[in-house]
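What follows is a short report on a single structure.
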Amino acid sequence: MKDQAEKLRSMAREIKTRIESEVFKGAKRTRIVTVTSGKGGVGKTNFAVNLAISLSDLGHKTILLDADMGLANVDVILGLVPRYNLYHVIRQEISLSEIIIQGPRGIQIIPGGSGIFQLANLKDYEMKDMLQQLGKLEGQSDFLIIDTGPGIAESVLSFAVMADDIIVLTTPEPTSLTDAYGIIKSAAAMEARGSYYLVVNRVFSESQGVVVGHRLKSVCEKFLGVEIEIIGFVSEDRAVRSAVMNQQALVIYAPASNAAKDIRQIAASLCEKAGMVTEQPIGIKGFFRSITNLWRQKTTV
Ligand SMILES: Nc1ncnc2c1ncn2[C@@H]1O[C@H](COP(=O)(O)OP(=O)(O)O)[C@@H](O)[C@H]1O
Ligand SMILES: [Mg+2]
């Protein structure tokens, strides 16, 4: 068991080094931001959708990848009905650009569907074609926000391990916090390459967020040696439910609500942090190449 963990770790390390040492001369690379949580139902999809729209409102071209194969996803929250998803691209029935949906405020949405984890099964030439299609998005977008399913399944974890920024969402509930710690621990064990950020969702007051956030932050530092930055809190707000019921994004449906203001503020902080980082982001091509390599190799461990 220990052997296998070490094997996976060294694979992840090797893939990361390879990607980072590659030179993409002068090409602009997209910043990959993975939104994840230990537990389901903590508000990831709602947060990811509204973060993407807020980033777009701040003038950054943003793509949202729905990588959760479960129910109640991005399309449902936005009242969209995608006909196709990555599965159809993988089956070569349709091109990547044709599955992309134009979302509100200029965001673009890639419905992952059941195709997302099948990327690992592509033959080399099929993967090359897929990367070429994904590469077209690279120059046109500043951020790729990934909404993941919950939990520490290795396939889900890879989205966090290879991202530039890992946003871990939790609520103040002890079970949610324990599971958030679990996912950070698993990502740390895989030596995730990006920066960790914590968002405490559904707080009743800022002071509650501060207390809860700092508790988790200090446990992560003490026991995992992981530096995690609290990037913000999102208020418990009835407007979130109303927006969901109306199948509209919160920041559009109720822009003056507390939760909408909170998410906009987090988007602004994320831009500020991204601007302070000097290394090149991994980019869409580098990211997909990394996660699929990781998935492929895992199956042979
Ligand atoms: N800040 C919030 N205030 C009130 N309710 C919220 C908030 N965030 C999420 N919710 C509720 O939680 C539900 C689940 O959110 P969702 O984004 O689908 O979670 P996840 O993607 O983590 O499973 C939403 O439909 C909404 O009713
Ligand atoms: Mg979700």
Side-chain angles (χ1 to χ4, degrees), residues 33-37 39-68 70-82 101-111 141-150 165 167-173 176 180 197-210 212-213 230-274:
V33 182
T34 293
V35 178
T36 192
S37 73
K39 201 171 167 301
V42 298
K44 271 185 313 299
T45 302
N46 186 66
F47 176 79
V49 164
N50 286 289
L51 176 71
I53 295 173
S54 303
L55 288 169
S56 181
D57 283 345
L58 287 168
H60 303 287
K61 288 290 286 175
T62 304
I63 303 175
L64 180 60
L65 169 66
D66 182 353
D68 184 355
L71 297 168
N73 288 322
V74 171
D75 47 344
V76 181
I77 280 194
L78 291 174
L80 303 167
V81 189
I101 303 174
Q102 303 303 320
R105 306 276 173 82
I107 66 164
Q108 293 186 306
I109 298 156
I110 305 179
S141 51
D142 302 306
F143 287 99
L144 174 72
I145 309 294
I146 304 179
D147 178 28
T148 68
D165 301 304
I167 301 187
V168 179
L169 214 78
T170 182
T171 69
E173 283 184 11
S176 172
Y197 296 108
L198 181 67
V199 170
V200 189
N201 187 26
R202 310 194 71 158
V203 299
F204 285 95
S205 64
E206 191 173 327
S207 58
Q208 182 192 32
V210 171
V212 166
I230 303 168
I231 197 165
F233 314 112
V234 182
S235 307
E236 169 71 35
D237 195 331
R238 288 164 66 179
V240 176
R241 207 177 125 77
S242 306
V244 173
M245 293 303 284
N246 282 282
Q247 295 194 295
Q248 279 191 51
L250 174 78
V251 292
I252 294 173
Y253 179 79
S257 63
N258 287 332
K261 283 185 206 157
D262 295 338
I263 296 174
R264 277 201 299 272
Q265 199 176 330
I266 293 171
S269 304
L270 189 66
C271 293
E272 200 184 306
K273 312 257 177 236

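Take E173 and apply the side chain to side chain contact (heavy atoms under 4.5 Å, CB included) test, not counting sequence neighbours, and it matches K39, T171, T175, S176. With sequence neighbours left out, D66 forms a salt bridge (Lys or Arg N to Asp or Glu O under 4.0 Å) with no residue at all. Take R264 and apply the salt bridge (Lys or Arg N to Asp or Glu O under 4.0 Å) test, not counting sequence neighbours, and it matches no residue. By the side chain to side chain contact (heavy atoms under 4.5 Å, CB included) test, P172 pairs with V200, V203, Q208, V212, sequence neighbours left out. Applying the side chain to side chain contact (heavy atoms under 4.5 Å, CB included) criterion to E272, with sequence neighbours excluded, gives no partner residue. The salt bridge (Lys or Arg N to Asp or Glu O under 4.0 Å) test applied to K261 returns no partner, not counting sequence neighbours. A search for side chain to side chain donor-acceptor pair (under 3.5 Å) contacts involving Y253 returns N246, not counting sequence neighbours. Listed by chain and residue number, K28 satisfy the salt bridge (Lys or Arg N to Asp or Glu O under 4.0 Å) test with D142 (two or more places apart in sequence, or in another chain). Shown here are the side chain to side chain contact (heavy atoms under 4.5 Å, CB included) partners of N201, two or more places apart in sequence or in another chain: L169, V234. S141 meets the side chain to side chain donor-acceptor pair (under 3.5 Å) test with T30; sequence neighbours excluded.
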### Message
Before you tell me yes or no, could you show the steps for D68 and T148 under side-chain hydrogen bond (donor to acceptor under 3.5 Å, both in side chains), namely the whole-Å CA-CA distance, both residues' side-chain angles and the distance that decides it to 0.1 Å?
### Response
CA-CA 5 Å; D68 184 355; T148 68; over 6 Å; no
### Message
Between I231 and V199, does the side chain to side chain contact (heavy atoms under 4.5 Å, CB included) criterion hold? Intermediate values first, please.
### Response
CA-CA 6 Å; I231 197 165; V199 170; 3.5 Å; yes
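Taking CZ from F143 and SG from C271, the interatomic distance works out to 4.5 Å, rounded to the nearest 0.5 Å. Separating the OH atom in Y197 from the OG1 atom in T34 is a distance of 13.0 Å, to the nearest 0.5 Å. Note that CG of D147 and CG of L65 are 8.5 Å apart. Values are rounded to the nearest 0.5 Å. Summarising the geometry, atom CG belonging to N73 is positioned 9.5 Å from atom NZ belonging to K44; distances are rounded to the nearest 0.5 Å.
Side-chain atoms of P104 and L78, non-hydrogen and from C-beta on, do get closer than 4.5 Å to each other. The shortest distance between side-chain heavy atoms of I101 and P111 falls below 4.5 Å. The shortest distance between side-chain heavy atoms of V81 and D75 does not fall below 4.5 Å. Residues V33 and L270 are in side-chain contact: their nearest non-hydrogen atoms beyond the backbone lie under 4.5 Å apart. Here the side chains of I107 and I63 are not in contact, with every heavy-atom distance at 4.5 Å or above. In this structure, I167 and T36 have side chains that are not in contact, with every pair of non-hydrogen atoms separated by 4.5 Å or more.
Using a distance-only test at 3.5 Å, with no hydrogens or angles considered, a donor-acceptor pair links the side chain of D237 to the main chain of A259. Without hydrogens or angle criteria, T62 side chain to H60 main chain gives a donor-acceptor distance under 3.5 Å.
Other residues, nucleotides and ligands place more than 12 heavy atoms under 6.0 Å from the CD atom of E236. In this structure, E206 places its CD atom where only 12 or fewer heavy-atom neighbours from other residues, nucleotides or ligands lie under 6.0 Å away.
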Could you go through residues 47-58 and list every donor-acceptor pair under 3.5 Å that involves a side-chain atom there, pairing it with any protein atom two or more places apart or in another chain?
{"residue": "N50", "atom": "OD1", "partner": "L250", "partner atom": "N", "Å": "3.0"}
{"residue": "N50", "atom": "OD1", "partner": "V251", "partner atom": "N", "Å": "2.9"}
{"residue": "N50", "atom": "ND2", "partner": "N46", "partner atom": "O", "Å": "2.8"}
{"residue": "N50", "atom": "ND2", "partner": "N46", "partner atom": "OD1", "Å": "3.4"}
{"residue": "S54", "atom": "OG", "partner": "N50", "partner atom": "O", "Å": "2.7"}
{"residue": "S56", "atom": "OG", "partner": "R105", "partner atom": "O", "Å": "2.5"}
{"residue": "D57", "atom": "OD2", "partner": "R105", "partner atom": "NH1", "Å": "2.8"}

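Residues T170 and A180 share a closest heavy-atom pair of CB-CB, 4.0 Å. The heavy-atom pair separating A254 from S257 by the smallest distance is O-OG, 2.7 Å.
If you check the side chains of S207 and S205, you find a donor sitting under 3.5 Å from an acceptor.
Applying the salt bridge (Lys or Arg N to Asp or Glu O under 4.0 Å) test to every pair with at least one member in residues 46-56, sequence neighbours left out, gives no pairs at all.
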